[in-house]
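Being a predicted model, the structure only gives us computed values, none of them experimental.
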Amino acid sequence: MEYWTHSSLQRSVVPFCLLLFLCISTTTFLKAKAFNLTTLTFSDSYSPLFSEFNIRRSPDDKTVHLLLNRFSGSGIISSDYYNYGFFSASIKMPSKYTAGIVVAFYTSNVDTFEKNHDELDIEFLGNVQGKAWRFQTNVYGNGSVSRGREERYRMWFDPSKDSHRYGILWSPRKVIFYVDKIPIREVVRNAAMRGDYPSKPMSVYATIWDASSWATNGGKKKVDYRYQPFIAEFKDLVLEGCIVDPIDQIPSSNCTDQIATLLAKDYSSITSEGRKSMRWFRERYMYYSYCYDNIRYPVPPPECVIISSERERFKSSGGLRSNIRLGATRRRHHLRRITKRQSKTAVAASGLEALI
């Protein structure tokens with residue numbers, strides 16, 4: 001029979017307690033109440049945008065695969081324009097070598113308002129094999145492309161292993177970007193934004209395309225078609241909003257009532273728990289924010305809310321300070337705290353030993 005000594009038990013209990021603490025801490029921030037959403041089939045919600053030969057639909061019409069190969073990328077567009085709404089999809093990224101690839105889920109009206117279009121972007125940027133996908137969000141209003149409002153992030157999971165839900169809430173009051181029901185970014189409408197806040201009817205798009213010129217390491221890493229086809233999967237399609245004519249902006253029903261319903265939905269506001277989750281994400285996984293880019297914007301744009309715990313992580317260029325590691329800062333802090341408390345853990349261990 002093997003007997004555990006006090007020291008061996010302590011060596012076993014301390015790492016276990018540390019691992020349990022970190023898992024519980026992370027799980028706490030990842031908890032989120034499921035939204036009550038109605039999913040649509042492809043036929044009920046989207047149409048091919050380009051390269052239909054690279055679009056594959058499942059037999060039940062609930063899943064669509066967008067392909068990129070040496071011939072073309074591919075894309076789909078919502079069958080209608082919307083005057084505000086909530087739009088989401090569960091997306092699985094291509095795997096292995098994905099440098100130069102962009103998968104995008106976004107709203108836009110550039111085909112109707114070419115010189116003063118609005119846009120809300122979620123763009124996923126591929127990488128070389130063994131390195132993580134990254135993604136960015138952006139907000140454009142009234143053609144304000146010269147005043148980009150981009151933020152860039154990494155993820156706490158591998159988006160090529162499983163599907164994850166990404167969502168865009170666009171209301172007259174605010175824009176919220178979601179990942180798996182966790183709010184990661186909020187842009188509250190500010191009167192000083194004027195036309196920079198997107199307010200014209202938009203369609204919803206999903207695309208995959210070759211962005212070798214800029215997507216990975218500033219264009220140094222290109223798409224390698226030896227790994228084709230690259231496949232992005234979209235399912236659990238959600239389009240909730242008021243359908244309108246983009247030119248006349250005549251609603252197909254009463255938009256006033258539909259917007260009121262939209263504003264009453266749980267995804268239209270962020271709870272106190274949601275704000276904790278958003279802070280958890282932004283302090284660990286955001287690596288660029290235009291709000292902290294003092295070189296580009298000596299005076300932050302009016303919608304920026306400067307948060308000290310975020311600001312201290314960034315250089316004046318809006319990028320992370322060199323001593324900051326994504327997803328690791330708080331963990332190191334927890335490790336230091338746990339180390340200081342090892343004596344207390346040893347006492348607990350001795351109590352466990354007495355029970356064996």
Less than 4.5 Å apart, any side-chain heavy atom of [X] and any of [Y]?
X	Y	answer
Val103	Phe135	no
Glu303	Val188	no
Arg56	Val64	no
Met155	Val179	no
Ile101	Leu68	yes
Arg173	Arg189	no
His65	Ile55	no
Phe230	Asp224	no

Do [X] and [Y] have side-chain N/O donor and acceptor atoms under 3.5 Å apart?
X	Y	answer
Thr107	Tyr82	no
His164	Asp180	yes
Gln136	Glu150	no
Glu233	Ser163	yes
Asp80	Tyr46	no
Arg57	Ser43	yes
Glu151	Thr137	no
Ser51	Ser74	no
Glu119	Tyr106	no

Roughly how far, to the nearest 0.5 Å, is the [atom2] atom of [Y] from the [atom1] atom of [X]?
X	Y	atom1	atom2	answer
Ser316	Ile295	OG	CD1	4.0 Å
Glu283	Ile324	CD	CD1	10.5 Å
Met286	Cys291	CE	SG	8.0 Å
Lys315	Ser322	NZ	OG	7.0 Å
Ile182	Phe281	CD1	CZ	8.5 Å
Asn138	Ile122	CG	CD1	11.5 Å

Could you check whether atom [atom1] of [X] has more than 12 heavy atoms from other residues, nucleotides or ligands sitting under 6.0 Å from it?
X	atom1	answer
Lys221	NZ	no
Lys174	NZ	yes
Asn36	CG	no
Arg226	CZ	no
Arg194	CZ	no
Phe157	CZ	yes
Glu52	CD	no

**Study point:** Stepwise side-chain contact (heavy atoms from CB on, under 4.5 Å) test for Leu125 and Thr216
**Key:** CA-CA 7 Å; Leu125 311 179; Thr216 307; 5.7 Å; no

Taking all non-hydrogen atoms of both residues into account, name the closest pair between [X] and [Y] and its distance.
X	Y	result
Ala89	Leu237	CB-CD2, 4.0 Å
Cys304	Pro300	CB-CB, 4.0 Å
Leu120	Pro198	CD2-CG, 3.8 Å

Check your understanding: If you draw the axis of the six-membered ring of Phe113, does the NZ or CZ of Lys200 fall within 45° of it and under 6.0 Å from the ring centre?
Key ->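 Yes, cation above the ring, under 6.0 Å and within 45°.
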
Exercise for review: Examine Arg165 relative to Tyr178 and say whether NZ or CZ is less than 6.0 Å from the centre of the six-membered ring and inside a 45° cone about the ring axis.
Suggested key: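 Not flagged: Arg165 not positioned over aromatic ring of Tyr178.
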
With clusters defined by side-chain heavy atoms of hydrophobic residues (ILVMFWY) lying less than 4.5 Å apart, directly or transitively, does [Y] cluster with [X]?
X	Y	answer
Val110	Val244	no
Phe177	Met193	yes
Trp209	Val204	no
Val305	Tyr292	yes
Tyr205	Tyr166	no

Where does the angle between the aromatic ring planes of [X] and [Y] fall among parallel (under 30°), tilted (30 to 60°) and perpendicular (over 60°)?
X	Y	result
Trp156	Trp280	perpendicular
Phe35	Tyr267	perpendicular
Phe87	Trp170	tilted

Practice item. Carefully, step by step, assess Tyr227 and Tyr97 under the rule ring-ring contact (aromatic ring centres under 6.0 Å, His included). Key: CA-CA 7 Å; Tyr227 296 91; Tyr97 189 98; 5.3 Å; yes

Check your understanding: Which is it for Arg279 and Glu310 under the salt bridge (charged side-chain N to carboxylate O under 4.0 Å, His left out) test, yes or no, and what are the steps along the way?
Key -> CA-CA 9 Å; Arg279 179 177 177 179; Glu310 290 181 7; over 6 Å; no

Point to revise | Derivation of the salt bridge (charged side-chain N to carboxylate O under 4.0 Å, His left out) call for Asp196 and Arg149 | key: CA-CA 10 Å; Asp196 282 5; Arg149 291 170 161 85; 3.2 Å; yes

Check your understanding: Passes side-chain contact (heavy atoms from CB on, under 4.5 Å), Asp236 versus Ser88? Steps please.
Key -> CA-CA 8 Å; Asp236 303 326; Ser88 75; over 6 Å; no

Review point. Is there a side-chain hydrogen bond (donor to acceptor under 3.5 Å, both in side chains) between Asp44 and Thr41 once you walk through the steps?
Key: CA-CA 5 Å; Asp44 290 336; Thr41 64; 3.0 Å; yes

Practice item. Check the pair Asp60, Phe42 against side-chain contact (heavy atoms from CB on, under 4.5 Å), reporting the backbone distance first and the verdict last. Key: CA-CA 9 Å; Asp60 64 4; Phe42 178 83; over 6 Å; no

Check your understanding: Between Glu312 and Arg321, is the closest basic N to carboxylate O distance under 4.0 Å?
Key ->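 Here Arg321 does not pair with Glu312 in a salt bridge, since their nearest N and O are not under 4.0 Å apart.
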
**Study point:** Derivation and outcome, side-chain hydrogen bond (donor to acceptor under 3.5 Å, both in side chains), residues Asn54 and Asn69
**Key:** CA-CA 8 Å; Asn54 268 351; Asn69 53 33; 3.1 Å; yes

Check your understanding: How far apart are the C-alpha atoms of Tyr288 and Tyr153, what are their side-chain angles, what is the distance that settles it, and do they pass the ring-ring contact (aromatic ring centres under 6.0 Å, His included) test?
Key -> CA-CA 7 Å; Tyr288 172 83; Tyr153 330 86; 9.9 Å; no

**Study point:** Check: Asn109 side chain, Thr112 main-chain N or O, donor-acceptor pair, under 3.5 Å
**Key:**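 No, the answer is negative, given that no donor and acceptor are paired below the 3.5 Å cut-off.
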
